[in-house]
Asks: 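This is the structure I want to talk about, given as structure tokens.
Note that these values count all heavy atoms, side chains included, but never hydrogens, waters or copies made by symmetry.
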Amino acid sequence: MKKLELKQFDLEQIADSGQCFRWTRIMEDETGDAASDKESEKIKYRIIAFGKILNIEQDMTSGIVTMDCSDADFDNIWKDYFDLDTDYGKIIDRIPEDDSYLKRAASGCDGIRIIRQDPWETLITFIISQRKNIPAIKASVEKICKAAGSVIGEADGEKLYAFPTPEQLSSLSMDDLNACSLGYRAQYIYKAARAAFDGAVDLDKWKSLGDEDLFDKLCSLYGVGKKVANCTMLFGFYRLDSFPIDVWMNKIQDKYYPEGFPIEAYRPYGGVMQQYMFAYERSIDS
DNA sequence: TGGCAGGTGTCTT
DNA sequence: AAGACACCTGCC
């Protein structure tokens, strides 16, 4: 069990930011010993990543985060996963006063961090994400995990699955993939899995590439364009300057940056700024 | 019921 | 080089 007092860390903001698709909100059951949790409201999630299950909660009043994990798993996995060595306060402080929109966005969404995910899982989940909303993405991801991933635990009588390795995913036929509600993306996943399994695509090796070369490599994959490549770089390869442009960012640029967003001014944290703007604009839209 | 959801490949100018 | 267009699927 790890209890942490963290700055710039808000579980709900991160969960809603659309970076990760295997976070499940855990609601308190109405029956049983609910009384003990009444006074202090807690937000709880179950996260599956890197073949592990993490139950995590945050006290809404104190902000204190509790992770149900061993010291070893915290040191080896979760500390990096949540990017805890990065001071997001400092990154936010770099935003100049005259960029009032970005100032506002960052202060409204300052609990967001870049979650450092597994490159392979990030690539596949963002291929799936195209032209889908977040619930639909999650549903497809869970289906492929169930179809091909290893069982790593159980909750409420349901088995929990790791994200499938390239080998496991490439064992699925087109019919299997079509059963995962992937639509026209099934062929993209099929090809990517085979390429990763037979070694034609080696994401581990790609880690050593510079940003531009990595971007080109990702875009060379069938079904991967600029948007998916940038998301994969930002969340799967921790390239903080990657700047995914989607329909929301297009709206934001039209509204607030008619000359285009001055990404040069925000190097090397353009992608972090993108996350603040994306989350903020969505929050005020609803 | 048609339009849309964090796009991309393909075909057309 | 840039712009239309189709595309699976689920949801309102």
Side-chain angles (χ1 to χ4, degrees), chain A residues 12-23 101-102 105-106 108-109 112-115 117 119 121-147 169 172-195 201 214-237 239-257 260-261 263 270-286:
Chain A
E12 203 169 10
Q13 284 186 19
I14 298 169
D16 293 341
S17 71
Q19 300 179 44
C20 21
F21 304 106
R22 303 205 71 203
W23 287 36
Y101 173 72
L102 187 48
C109 300
I112 291 181
R113 318 182 132 250
I114 301 299
I115 300 301
Q117 304 180 68
E121 176 173 340
T122 311
L123 172 65
I124 298 301
T125 54
F126 278 93
I127 289 176
I128 293 172
S129 79
Q130 56 190 266
R131 287 299 287 178
K132 270 180 179 284
N133 54 28
I134 290 176
I137 300 165
K138 285 182 172 175
S140 280
V141 171
E142 286 314 306
K143 283 179 187 172
I144 66 169
C145 289
K146 193 169 184 178
L169 195 56
L172 297 183
S173 66
M174 274 303 291
D175 282 346
D176 295 332
L177 290 171
N178 281 323
C180 298
S181 308
L182 295 168
Y184 59 86
R185 307 158 195 83
Q187 54 184 321
Y188 304 157
I189 306 293
Y190 185 83
K191 289 195 182 205
R194 304 200 86 73
V201 165
L214 177 57
F215 180 79
D216 290 343
K217 284 283 191 191
L218 288 167
C219 287
S220 75
L221 300 174
Y222 187 54
V224 176
K226 283 191 287 191
K227 161 66 169 59
V228 171
N230 273 309
C231 285
T232 305
M233 288 177 68
L234 182 55
F235 309 126
F237 288 86
R239 305 301 171 98
L240 295 186
D241 241 343
S242 303
F243 196 83
I245 295 182
D246 57 14
V247 291
W248 286 93
M249 279 312 302
N250 275 327
K251 271 190 230 173
I252 290 165
Q253 300 209 53
D254 289 347
K255 269 169 83 175
Y256 307 104
Y257 302 97
F261 181 74
I263 185 169
V272 181
M273 302 305 154
Q274 191 271 3
Q275 283 303 108
Y276 293 140
M277 292 186 280
F278 176 76
Y280 181 70
E281 201 64 20
R282 281 167 62 103
S283 73
I284 62 173
D285 182 74
S286 52

Asks: Where each pair must be Watson-Crick or G-U wobble with both distances under 3.5 Å, what dot-bracket representation of DNA chain C is obtained, with crossing pairs in [ ] and other-strand partners as |?
Replies: |||||||.||||

Asks: Heavy atoms only, 4.0 Å cut-off, all strands: where does Gly223(A) land among base, sugar-phosphate and nothing?
Replies: sugar-phosphate

Asks: With the threshold set at 4.0 Å, does a side-chain nitrogen-carboxylate oxygen contact exist between Glu281(A) and Lys255(A)?
Replies: yes

Asks: Quick one: Asn178(A) CG to dC8(C) P, roughly how many Å, whole number?
Replies: 10 Å

Asks: Hey, does Leu177(A) reach any base, or is it just sugar-phosphate, or nothing, if we go heavy atoms under 4.0 Å?
Replies: nothing

Asks: What's the gap between dA6(C) and dG6(B) when it is taken at their P atoms, as a whole Å value?
Replies: 22 Å

Asks: Does anyone know the first and last nucleotide of DNA chain B in reach of chain A, 5' to 3', at under 4.0 angstrom to a heavy atom?
Replies: dA5(B) to dG9(B)

Asks: Would you call Gln117(A) and Gln19(A) a side-chain contact if the rule is heavy atoms closer than 4.5 Å?
Replies: yes

Asks: Within a strict 4.5 Å, meaning less than it, do heavy atoms of the Phe243(A) and Asn230(A) side chains meet?
Replies: no

Asks: Just verifying a value: how many Å separate Phe21(A) CZ and Glu142(A) CD, rounded to the nearest 0.5 Å?
Replies: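 Phe21(A) atom CZ to Glu142(A) atom CD measures 12.0 Å (nearest 0.5 Å).
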
Asks: Please classify the nucleic acid contact of Gly225(A) as base, sugar-phosphate, or nothing, using heavy-atom distances under 4.0 Å.
Replies: sugar-phosphate

Asks: When rounded to the nearest Å, what value does the distance between P atoms of dC11(B) and dC8(C) take?
Replies: 14 Å

Asks: Between atom CD1 in Ile128(A) and atom P in dG10(C), what is the gap in whole Å?
Replies: 14 Å

Asks: DNA chain B: Gln275(A) or Tyr188(A), which has the more 5' nearest nucleotide?
Replies: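 Checking each residue's closest nucleotide, the 5'-ward one belongs to Gln275(A).
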
Asks: Just so I know, are the side chains of Leu182(A) and Ile144(A) near enough to count as touching, which here means a heavy-atom distance under 4.5 Å?
Replies: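 In contact.
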
Asks: Identify each donor-acceptor pair in which a side-chain atom of residues 271-279 of chain A lies under 3.5 Å from a protein atom, sequence neighbours left out, and give them as a table.
Replies:
{"from": "Gln274(A)", "atom 1": "NE2", "to": "Pro244(A)", "atom 2": "O", "distance (Å)": "2.9"}

Asks: Could you tell me the separation between the CD atom of Gln130(A) and the P atom of dA6(C), rounded to a whole number of Å?
Replies: 17 Å

Asks: Should the ring pair Tyr280(A) and Tyr101(A) be called parallel, tilted or perpendicular, given that the plane angle runs from 0 to 90° and is split at 30 and 60?
Replies: perpendicular

Asks: Does a side-chain heavy-atom distance below 4.5 Å link Tyr188(A) with Val224(A)?
Replies: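 Side chain of Tyr188(A) against side chain of Val224(A), heavy atoms only: no contact under 4.5 Å found.
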
Asks: With side chains defined as the heavy atoms from C-beta onward, is the minimum distance between Ser140(A) and Arg185(A) less than 4.5 Å?
Replies: no

Asks: Checking all strands, does Tyr222(A) fall into the base, sugar-phosphate, or nothing category for heavy-atom contacts under 4.0 angstrom?
Replies: sugar-phosphate

